[in-house]
Amino acid sequence: MAKITLENLAHSYLPNPKSEDDFALKELNHDWVDGEAYALLGSSGCGKSTLLNIISGLLIPSQGRVLFDGKDVTTAPTADRNIAQVFQFPVVYDTMSVRQNLAFPLKNRGMEASEIARRVQKVAAMIDMEAQLDHKARGLTADAKQKISLGRGMVREDVNALLFDEPLTVIDPHMKWELRTQLKKLHQDFGHTMIYVTHDQTEALTFADKVVVMFDGRVVQIGSPQELFERPAHTFVGYFIGSPGMNLFDAQIDGNTARVGDATVQLDGAYTAHGKTQLGVRPEFIRLSAGGEGIPATVRRVEDVGRHKIVRLDVAGREINAVATEGEEIPADTNRITFAPGSVNVYADDWRVTPRGTDA
Ligand code: ADP
Ligand code: MG
């Protein structure tokens with residue numbers, strides 16, 4: 001296992017990149033802590049695979065260095081990095097049996113037969129393929145082949161890191177949950193450094209200790225699921241994480257107050273914010289009221305989604321969402337919204353601003 005350091009790393013697929021826009025991966029400095037489980041989350045095309053392939057050695061970055069435990073591996077081939085990588089689509093040997101496929105990475109390293117048999121059996125149980133061990137891979141469904149790929153990624157216990165690039169895409173929904181649980185268990189048992197790429201926030205938040213959120217080639221925030229929920233560093237994180245995502249209100253910021261339209265919102269500290277200034281408030285922290293203080297709002301409709309209700313509001317012509325817990329009353333004559341104490345984040349040009357005199 002290893003700590004993985006990315007130093008001034010950036011990548012462009014163009015031979016002569018001129019501006020930042022030409023980079024699929026914008027400059028990044030980060031230490032992936034040894035033994036931690038990370039999710040790399042972002043929408044399609046934001047640079048997740050580019051970053052993963054640089055770590056695994058399938059791609060040589062156009063700028064910067066990759067270090068494993070302090071050793072420069074930037075240009076080292078994948079085989080020398082001692083990592084396992086699982087891709088979105090199956091990579092299996094069709095003419096081999098499931099057992100031979102699973103054993104392959106171990107046989108390759110000259111492991112003793114009894115030890116190979118033990119590991120293969122264990123992994124076969126994890127991917128629920130014990131009954132098919134002697135079937136040829138050819139003829140199996142895409143789903144089953146992908147499970148073999150996953151098993152091959154999981155079978156070695158001595159790897160520096162395990163990298164998964166959207167590995168459950170072709171797996172059916174029920175099995176997805178099961179396999180994710182197995183991956184989590186594998187992490188608990190062996191403490192490998194794991195990086196799991198996904199565009200699915202639920203998958204990211206349930207799998208990882210730390211979530212790395214990417215947007216448009218840039219890592220915009222690295223944090224625990226709770227940090228991403230409470231203090232989104234960028235409006236994209238607020239919008240991408242949560243269901244529905246964080247609401248944004250255009251606001252003028254003046255010290256510890258904000259003006260939203262004609263209403264005044266008290267902030268929890270004094271802020272200096274320039275450019276496009278906004279308040280971000282999650283739907284869970286929007287309170288509905290009739291009359292009194294607050295921002296004028298009207299209820300458009302209420303959607304009952306089981307455990308809670310989503311209230312769609314109109315605030316100065318824009319849709320704002322509130323979440324009402326079961327049993328929470330929605331006043332029939334709602335015409336104001338207020339924010340729960342401590343729930344307001346201030347943004348300037350989409351980046352979160354911290355109150356003066358703090359770094360929280
Ligand atoms: P993700 O995995 O998040 O979907 P990728 O890392 O695959 O994103 O792609 C990031 C950007 O780089 C995209 O704009 C994509 O079109 C571009 N890209 C990816 N691979 C190549 C390539 N081999 N050559 C040129 N452009 C590429
Ligand atoms: Mg990808």
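For the numbers below, each heavy atom of this structure counts, side chains included, while hydrogens, waters and symmetry mates do not. Residue numbers run from 1 in the order of the sequence given. In each ligand, atom 1 is the first atom listed, and ligand 1 is the first ligand listed.
Interface of Ala24 with ligand 1, defined as ligand atoms under 4.0 Å from a residue heavy atom, comprises 11 (C), 12 (O). Atoms of ligand 1 found under 4.0 Å from any heavy atom of Ser49 (numbered from 1 in listed order, with element): 1 (P), 2 (O), 6 (O), 7 (O).
For atom 18 (N) of ligand 1, the nearest non-hydrogen atom of the protein is Tyr13 CE1, 3.3 Å. Among all protein heavy atoms, the one lying closest to atom 6 (O) of ligand 1 is Thr50 OG1, 2.5 Å. Closest protein heavy atom to atom 8 (O) of ligand 1: Gly47 N, 3.2 Å.
When the heavy-atom distances from atom 14 (O) of ligand 1 to Ser44, Gly42, Gly45, Ser43 are ranked, the shortest goes to Gly45.
Because the distance cut-off is set at 2.8 Å, Ser49 qualifies as a neighbour of the Mg ion (ligand 2) through one of its N, O or S atoms.
Arg356 forms no cation-pi arrangement with Tyr271, by the criterion of a distance under 6.0 Å to the ring centre and an angle within 45° of the ring axis.
A donor-acceptor pair is defined here as one N or O able to donate and one able to accept, closer than 3.5 Å; no such pair exists between the side chain of Thr334 and the backbone of Ser289.
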**Message:** Assess the residue pair Phe207 and Tyr196 against the criterion (ring-ring contact (aromatic ring centres under 6.0 Å, His included)); give the C-alpha distance rounded to whole Å, side-chain angles, the decisive distance to 0.1 Å, and a yes or no.
**Reply:** CA-CA 8 Å; Phe207 173 77; Tyr196 185 100; 4.8 Å; yes
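At a cut-off of 3.5 Å, with distance as the only test, a side-chain donor of Thr325 or Glu328 sits close to an acceptor on the other residue.
Using a 4.0 Å threshold on non-hydrogen atoms, atom 1 (P) of ligand 1 counts as touching the protein.
For Phe89, there are no ring-ring contact (aromatic ring centres under 6.0 Å, His included) partners at least two apart in sequence or on another chain.
Arg180 and Glu203 are joined by a salt bridge, as a carboxylate oxygen and a charged side-chain nitrogen come within less than 4.0 angstrom of each other.
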